[in-house]
Amino acid sequence: MHFRGEQLRPDALLGETALFSHSQIWQAIDRLAEANGMSASGLARAAGLDATAFNKSKRATPHGRLRWPTTESIAKCLAATRTSLNDFTGLVHGGPGLQRAVPCIHLAAAGTSDLFDDAGRPAGDGWNRIDLLSVDDPCAYALQISGDAMMPVYRDGDTVIVSPAAPVRPGDGVVVKSGNDEILVRRLHRETGRKLELACFNPQLPMLTIERSDIKWMARIVWTSQ
DNA sequence: TTGCTCGGCCTTGCGCTCTA
DNA sequence: TAGAGCGCAAGGCCGAGCAA
């Protein structure tokens, strides 16, 4: 697992190598509080944290970005309730994921009309819907791969789940809308203050270097159905 | 009155980028 | 290569509203 200080790295917890999802972590905290006869705010206080630390309003930003508890906060909660890490892990996996329909579009059609807003979220008509389990990002959508240009990673007919709210790091698969409205599916190789290097999934194809100013939005691929 | 929740703003710490 | 500066993200603080 990777860490940013004491903070749980969301990208280490989501996607193809998922350990815990955002909703699972917060549900586990709610269950831990309930099991000890407390509310989430009561648990926070018992752990020596601010009573609002676990408020639902603080589990995501107003812009939809997911917020995660730190390992330090979780450790304090476990200490305050005399709960073992194993028991907490049981709470994390103790509930079924919620199923919901998400917008779905073919990659070949994704760049042909105004299917996205300025932040890369689905917009307008022309989307199908498919059912998925445990998608935390309310703006997540499915992209159906067409063609063999992304072999050997993605084949024709594969479906990738894209989360505009998920943080993007080098090495992640990403969907990028360029300045000329082209939809690109690449792997983020490197990013600097001004430029991004986007690698093709086919190693025989060249790296694409693109100015940030030439990118309308970029979203992370968090899950793949193959 | 007390406890809980919400929303906004501030503080703090860490990682990344840039530059000398 | 090291230090400065910046941006990001979580937790804390505070005021307001609501319910028991």
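Worth knowing before you read on, the calculation uses all heavy atoms, side chains too, and leaves out hydrogens, waters and symmetry mates. In what follows, chains are A, B, ... by sequence order, proteins preceding strands, each numbered from 1. Keep in mind the model is a prediction, meaning the values are calculated, not measured.
Distance A:Asn55 CG to B:dC4 C1': 8 Å, rounded to the nearest Å. What separates CZ of A:Phe54 from P of B:dG3 is a distance of 19 Å, to the nearest Å. For the pair A:Arg45 CZ and C:dG12 C1', the interatomic distance rounds to 15 Å; values are reported in whole Å.
Applying the side chain to side chain donor-acceptor pair (under 3.5 Å) rule to A:Asn55 yields no partners; only residues at least two apart in sequence or on another chain are considered. Judged as a side chain to side chain contact (heavy atoms under 4.5 Å, CB included), and not counting sequence neighbours, the contacts of A:Ala47 are A:Leu49, A:Lys76, A:Cys77, A:Ala80. By the salt bridge (Lys or Arg N to Asp or Glu O under 4.0 Å) test, A:Lys58 pairs with no residue at all, sequence neighbours left out. Taking A:Leu208 as the reference, A:Leu184, A:Leu198 meet the side chain to side chain contact (heavy atoms under 4.5 Å, CB included) condition, with sequence neighbours excluded. A:Arg45 pairs by the side chain to side chain donor-acceptor pair (under 3.5 Å) definition with nothing, not counting sequence neighbours.
Side-chain nitrogen and oxygen atoms of A:Ser73 include at least one within less than 4.0 Å of the OP1 or OP2 phosphate oxygen of C:dG11.
One finds the CH2 atom of A:Trp68 at 9.5 Å from the CD1 atom of A:Ile74 (value rounded to the nearest 0.5 Å).
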Under-3.5 Å N/O pairs linking protein and nucleotides 13-20 of chain C:
from	atom 1	to	atom 2	distance (Å)
C:dC13	N4	A:Thr52	OG1	3.3
C:dC13	N4	A:Lys58	NZ	2.8

